[in-house]
Amino acid sequence: KRILSILAVAFIIVANMAVFAFAADTEGFKANHPARVVDEANIIPDGEEKEIQTLLDQISEKRKMDVIVLTVEDIGETPPVVYSGDYFEQHGYGYGENRDGIILFIAMNSRDVFVNSTGKGEKIITEEEGNLLIDTFYDDLVAGNYASACKTFATETDSLIKSFNLRAVFLAPVSMIVGLIGSLGKVSGLKSKHETVRLKPKASNYQVEGSLNLITKTDDFLYNNISRAPIVIESRGSGSGGASYTSSSGTHFSGVGRKF
């Protein structure tokens, strides 16, 4: 009971410390922060652009992560990960020392959509999660419903960050508990060394010599059973997979994208 009480107290203390850390860290964005919706391609109606701007501001400040939308007409031969990464860095986006951020980048001439990330954002936007995120708004992009696509990006990204933060809160006390259990295991091991009666690990230790004789050994094949099923692969655009980039100042970006 005493051990359980100690583990429970440890869990509560670490969980409260993690929650406090999320709540207390409010100063991390650049002063005079730039707009989080930059629609250079003019594909988002003005009224909806303001709505998306407000939504991204709320998410970014609540989650301590710069979440932005950038649309352009043409990027020439520049890869999306480089273009969006340079824009993000040069315009002062990012939260905290690691410049935590997630970017939805749309280039109209090349029909590129790319979700880029840096800092803690890279832990959230893995290649798998990034592709699943694009899936949620891909049909709207293809149909030209760009405002709807941006809103879906915002809300789905908010959910991803929330889930990531919650996992971080609960994994910390779990790690502590595992460490405590490991320590208790070592103590138990030391205790067992002082016991003279032990359970023998092998059944042969209890066998009387010469009491078991195997005369015939056979390995008979009975039957096999093979089942086949088609694998359905849904194609939703030409995915480019993951891409990464390190800027001249050393900021690392990574993300996923495809054509639409």
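Heads up: numbering here begins at 1 and tracks the sequence.
- Between the side chain of Ser148 and the main chain of Asn145, no donor-acceptor pair closer than 3.5 Å is present.
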Exercise for the section: Could you walk me through whether Ile68 and Phe88 pass side chain to side chain contact (heavy atoms under 4.5 Å, CB included), step by step? Expected result: CA-CA 9 Å; Ile68 74 169; Phe88 184 93; 3.9 Å; yes
Exercise for the section: Please report the C-alpha distance between Thr246 and Phe253 in whole Å, then the side-chain angles of each, then the deciding distance to 0.1 Å, and finally whether the side chain to side chain contact (heavy atoms under 4.5 Å, CB included) criterion is met. Expected result: CA-CA 6 Å; Thr246 301; Phe253 295 87; over 6 Å; no
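- Minimum interatomic distance between Val256 and Ile134 (heavy atoms only, all atoms of both residues): O-CD1, 3.7 Å.
- Listed by first and then second residue, the ring pair (Phe, Tyr, Trp, His ring centres under 6.0 Å) pairs that reach into residues 31-64 are Phe29-His33, His33-Tyr93, sequence neighbours excluded.
- Listed by first and then second residue, the salt bridge (charged side-chain N to carboxylate O under 4.0 Å, His left out) pairs that reach into residues 29-41 are Arg36-Asp57, Arg36-Asp66, sequence neighbours excluded.
- Listed by first and then second residue, the ring pair (Phe, Tyr, Trp, His ring centres under 6.0 Å) pairs that reach into residues 43-63 come to none, sequence neighbours excluded.
- Residues Ile161 and Ile124 form a side-chain contact, since some pair of their non-hydrogen atoms from C-beta on lies under 4.5 Å apart.
- Residues Ile52 and Ala147 approach most closely at CD1-O, 3.7 Å, considering heavy atoms.
- Ser84 and Leu70 get closest at one heavy-atom pair: CA-CD2, 4.4 Å.
- Identified under the salt bridge (charged side-chain N to carboxylate O under 4.0 Å, His left out) test for residues 100-113, with sequence neighbours left out: Asp112-Lys259.
- For residues 152-161, the pairs satisfying side-chain hydrogen bond (donor to acceptor under 3.5 Å, both in side chains) are Arg63-Asp158, with sequence neighbours left out.
- Residues Asn116 and Gly85 come closest through the heavy atom pair ND2-N, 3.5 Å.
- No side-chain donor-acceptor contact under 3.5 Å links Thr118 to the backbone of Gly101.
- Counting heavy atoms from C-beta on, the side chains of Phe153 and Val67 come closer than 4.5 Å.
- Between the side chain of Ser247 and the main chain of Thr251, a donor-acceptor pair closer than 3.5 Å is present.
- Take Tyr245 and apply the ring-ring contact (aromatic ring centres under 6.0 Å, His included) test, not counting sequence neighbours, and it matches no residue.
- Every side chain to side chain contact (heavy atoms under 4.5 Å, CB included) that Ser244 has, sequence neighbours left out, goes to His252, Ser254.
- The minimum heavy-atom distance linking Gln53 with Ala35 is given by the pair OE1-CB, 3.6 Å.
- Aromatic rings of Phe260 and Tyr138 (six-membered ring for Trp) have centroids beyond the 6.0 Å cut-off, not under it.
- Listed by chain and residue number, Phe137, Asp140, Leu141 satisfy the side chain to side chain contact (heavy atoms under 4.5 Å, CB included) test with Ala149 (two or more places apart in sequence, or in another chain).
- When side chains are defined from C-beta on, Phe114 does not count as touching Leu104, because their heavy atoms never get closer than 4.5 Å.
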Handout entry: Worked check of side chain to side chain contact (heavy atoms under 4.5 Å, CB included) between Glu61 and Leu56
Key = CA-CA 8 Å; Glu61 292 166 11; Leu56 291 177; over 6 Å; no
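- Residues passing the side chain to side chain contact (heavy atoms under 4.5 Å, CB included) test with Thr126 are Glu128, Glu129, sequence neighbours excluded.
- The side-chain heavy atoms of Leu133 and Ile125, taken from C-beta on, include a pair separated by under 4.5 Å.
- Taking 4.5 Å as the limit, every side-chain heavy atom of Met65 sits out of range of all side-chain heavy atoms of Tyr95.
- Screening residues 71-97 for salt bridge (charged side-chain N to carboxylate O under 4.0 Å, His left out), with sequence neighbours left out, gives no hits.
- Shown here for Ile102 and Gly121, the closest heavy-atom pair between the two residues is CG1-CA, 4.1 Å.
- Looking only at side-chain heavy atoms (C-beta outward), Ile75 and Pro80 come within less than 4.5 Å of each other.
- No chain of hydrophobic side-chain contacts below 4.5 Å, direct or via other Ile, Leu, Val, Met, Phe, Trp or Tyr residues, connects Leu132 to Ile103.
- Remark: Lys123 pairs with Phe164 by the side chain to side chain contact (heavy atoms under 4.5 Å, CB included) rule, at least two apart or across chains.
- Annotation: salt bridge (charged side-chain N to carboxylate O under 4.0 Å, His left out) contacts involving residues 141-153, sequence neighbours excluded, comprise Glu48-Lys151, Glu51-Lys151.
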